[in-house]
Structures are given as structure tokens and as C-alpha cells.
Amino acid sequence: MKKLFIAVLFLCGLQNSFGQTDLYVENVKHYLTINGTQQQYEGAIDGMFTMLRKQFKDYKIPEAVWKELEGVKGKQVEDVKAILVSAYKAYFTLNDIKIMTTFYESAAAKQMITDTSKLTDIQRQQIGNFYDSETGQKMIASKDGLAKIEGEISMQWSGELYKNVINKLADKGYSLN
């Protein structure tokens with residue numbers, strides 16, 4: 001009976017830790033959506049397809065093929081966000097991510113992302129207060145390390161994406177060779 005009780009506790013604890021991990025993953029993904037990261041990756045994919053269309057302009061690839069290939073954009077962005085979670089986990093707790101999310105959902109942070117020249121004095125103060133907070137200080141302290149990890153992830157991710165699209169084009173009979 002004691003062994004059964006211990007096994008049940010272990011399984012409950014295991015389930016709870018997975019639940020927290022899922023919660024962490026979902027919170028980081030949401031944060032990456034609102035802080036401009038998702039938009040950057042979407043822009044990178046759009047830029048890659050613009051470049052590919054120029055590279056393959058002489059091949060007269062039908063628009064339907066390009067639309068099919070570009071259809072992976074949403075999945076690719078979700079994939080890279082899932083990979084980026086590990087980078088954030090190295091620096092931030094779930095509570096930090098929630099605080100960062102609350103900040104980035106504020107009018108001050110939205111204006112900061114959109115156009116800093118239009119920040120009001122109150123918004124500047126709100127931004128300053130956030131960066132003076134414990135979580136804000138963590139963001140500042142982790143900036144270089146996180147940027148390095150994100151850069152490595154981005155390089156590998158974009159290289160794989162490019163290679164996959166080139167291979168799909170080759171499978172359809174379009175090759176630069």
C-alpha cells in the first residue's frame with residue numbers, strides 16, 4: 001500500500017511538472033507573439049521568399065506553387081518559437097515571463113515597439129519603472145546572452161527552412177543547378 005501511495009505521488013508530481021512545463025511553453029510562445037519576435041520571424045520568411053522568387057524568376061514557377069510553399073509560414077514560426085522557449089528557460093521563470101507579458105501588453109510597451117518618438121512622458125516613466133524592476137533588470141542582464149542564443153537558433157532555423165524550400169522546389173522540377 002505504501003509503494004502504491006508513493007507511485008501515485010510520483011505520477012502526480014510528474015504530471016504537475018509537465019503541466020508547468022506546458023504552461024511555461026505556452027506563456028513564452030504568447031510573449032514571443034506580443035513582443036515583436038513572431039513578427040520578425042514572419043518578416044524573415046517573407047524576405048526569404050522574395051529572394052527565392054528573384055532567384056527563380058526565369059523558371060516561371062506558377063503562383064500556386066509559391067503559395068503552397070509559403071503556406072508553411074505559420075508552422076515554421078510556431079516551430080522556431082517552440083525552440084526559443086529553451087533559451088528563455090535558461091534566463092527567466094514562469095513568473096518573469098508573466099510579468100514581461102503584462103508589460104508588453106501595456107500601451108507603453110506597444111508604443112515603444114511601434115514608434116518610440118511618440119512615447120508620452122507617462123509611458124516613458126512606465127517603461128523606466130519596468131526596467132528598474134527585478135524582471136526588467138533580468139532582461140537587461142540577459143540581453144547579450146539571450147541574443148547570442150537566439151542568433152544561433154535563428155541561423156540554424158533559417159538555413160534549414162531555406163534548404164527545405166529549395167528541396168521542395170527541386171522535387172517539383174525547379175532547380176538552380
Side-chain angles (χ1 to χ4, degrees), residues 18-55 66-166 168:
F18 282 130
Q20 288 177 348
T21 300
D22 290 345
L23 187 60
Y24 188 88
V25 169
E26 292 309 311
N27 274 268
V28 172
K29 284 181 167 185
H30 177 66
Y31 170 71
L32 294 172
T33 300
I34 63 170
N35 79 348
T37 300
Q38 178 172 318
Q39 187 176 1
Q40 288 175 325
Y41 282 100
E42 289 171 349
I45 292 172
D46 291 343
M48 180 193 74
F49 276 106
T50 298
M51 179 188 70
L52 285 169
R53 283 175 179 260
K54 287 178 184 174
Q55 287 179 329
W66 286 116
K67 292 295 180 197
E68 176 190 333
L69 294 170
E70 291 170 353
V72 304
K73 181 170 145 177
K75 182 187 180 319
Q76 288 297 322
V77 170
E78 285 304 309
D79 288 350
V80 75
K81 283 170 37 179
I83 296 166
L84 287 169
V85 168
S86 61
Y88 279 80
K89 195 162 187 112
Y91 293 99
F92 303 108
T93 66
L94 176 59
N95 191 51
D96 290 329
I97 296 297
K98 288 180 177 182
I99 291 168
M100 291 157 53
T101 299
T102 299
F103 170 68
Y104 273 90
E105 288 175 334
S106 72
K110 287 176 183 176
Q111 187 60 53
M112 178 182 75
I113 291 170
T114 306
D115 185 356
T116 56
S117 70
K118 294 183 179 177
L119 285 169
T120 66
D121 290 339
I122 292 171
Q123 288 173 326
R124 289 179 195 281
Q125 183 63 45
Q126 290 169 335
I127 292 166
N129 290 343
F130 171 76
Y131 283 109
D132 287 341
S133 73
E134 183 179 338
T135 300
Q137 288 298 303
K138 271 187 180 180
M139 285 182 73
I140 292 168
S142 66
K143 184 180 176 187
D144 292 340
L146 191 56
K148 183 179 181 200
I149 294 168
E150 286 178 324
E152 291 168 0
I153 288 170
S154 296
M155 290 283 285
Q156 185 159 358
W157 169 81
S158 62
E160 286 295 317
L161 176 59
Y162 179 81
K163 185 170 61 174
N164 288 340
V165 173
I166 290 292
K168 286 180 181 178

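How far CD of E26 is from CG of L23: 8.5 Å, rounded to the nearest 0.5 Å. Taking NZ of K118 as the start and CD of Q123 as the end, the distance is 11.5 Å to the nearest 0.5 Å. A distance of 8.5 Å separates OG1 in T101 from CG in L32, rounded to the nearest 0.5 Å.
Partners of K143 by salt bridge (charged side-chain N to carboxylate O under 4.0 Å, His left out), not counting sequence neighbours: none found. Remark: Y131 pairs with F103 by the ring-ring contact (aromatic ring centres under 6.0 Å, His included) rule, at least two apart or across chains. Checked against salt bridge (charged side-chain N to carboxylate O under 4.0 Å, His left out), E68 has the following partners two or more places apart in sequence or in another chain: K172. Among residues two or more places apart in sequence or in another chain, the side chain to side chain donor-acceptor pair (under 3.5 Å) test is passed with D115 by S117. The side chain to side chain donor-acceptor pair (under 3.5 Å) check on S142 picks up nothing, with sequence neighbours excluded.
Across all their heavy atoms, A108 and L119 have their closest contact at O-CD2, 3.6 Å. Y104 approaches I34 most closely through the heavy-atom pair CB-CD1, 3.8 Å. Here the closest heavy-atom approach between residue L94 and residue Y24 is recorded as N-CE1, 3.5 Å. Heavy atoms only, all atoms of each residue included: I149 and A87 are closest at CG2-CB, 3.5 Å. Taking every heavy atom of both residues into account, Y31 and Y88 meet most closely at CE2-CE2, 3.7 Å.
For the pair I127/Q111, no side-chain contact is recorded, criterion being any heavy-atom separation below 4.5 Å from C-beta on. Contact annotation: the side chain of Q156 never approaches that of E152 to less than 4.5 Å [non-hydrogen atoms, C-beta and beyond]. Residues H30 and E105 form a side-chain contact, since some pair of their non-hydrogen atoms from C-beta on lies under 4.5 Å apart. You'll find the side chain of Y91 stays beyond 4.5 Å of the side chain of D96, heavy atoms only. Between W66 and L69, the closest side-chain pair of non-hydrogen atoms falls below 4.5 Å. Side chains of L52 and I166 form a contact here, defined as non-hydrogen atoms less than 4.5 Å apart.
In the model, Q125 has a side-chain atom that pairs as donor or acceptor with a side-chain atom of N129 under 3.5 Å. Judged purely by distance below 3.5 Å, without hydrogens or angles, the side chains of S154 and Y41 pair a donor atom with an acceptor atom. With hydrogens and angles left out, the side-chain atoms of N35 and T37 include a donor and acceptor closer than 3.5 Å.
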Distance-only donor-acceptor hits, side chain of residues 70-86, under 3.5 Å, sequence neighbours excluded:
residue, atom, partner, partner atom, Å
E70, OE2, R53, NE, 3.2
E70, OE2, R53, NH2, 3.2
K73, NZ, D46, OD1, 2.8
K73, NZ, D46, OD2, 3.2
K75, NZ, D79, OD1, 3.4
K75, NZ, D79, OD2, 2.8
Q76, OE1, W157, NE1, 3.4
E78, OE2, K81, NZ, 3.1
K81, NZ, T33, OG1, 2.6
K81, NZ, Q38, OE1, 2.6
S86, OG, I83, O, 2.8

Let me see the working for F49 and V165 under side chain to side chain contact (heavy atoms under 4.5 Å, CB included), right down to the final yes or no. CA-CA 9 Å; F49 276 106; V165 173; 3.9 Å; yes
Hey, mind stepping through N27 and F92 against side chain to side chain contact (heavy atoms under 4.5 Å, CB included) and telling me if it holds? CA-CA 11 Å; N27 274 268; F92 303 108; over 6 Å; no
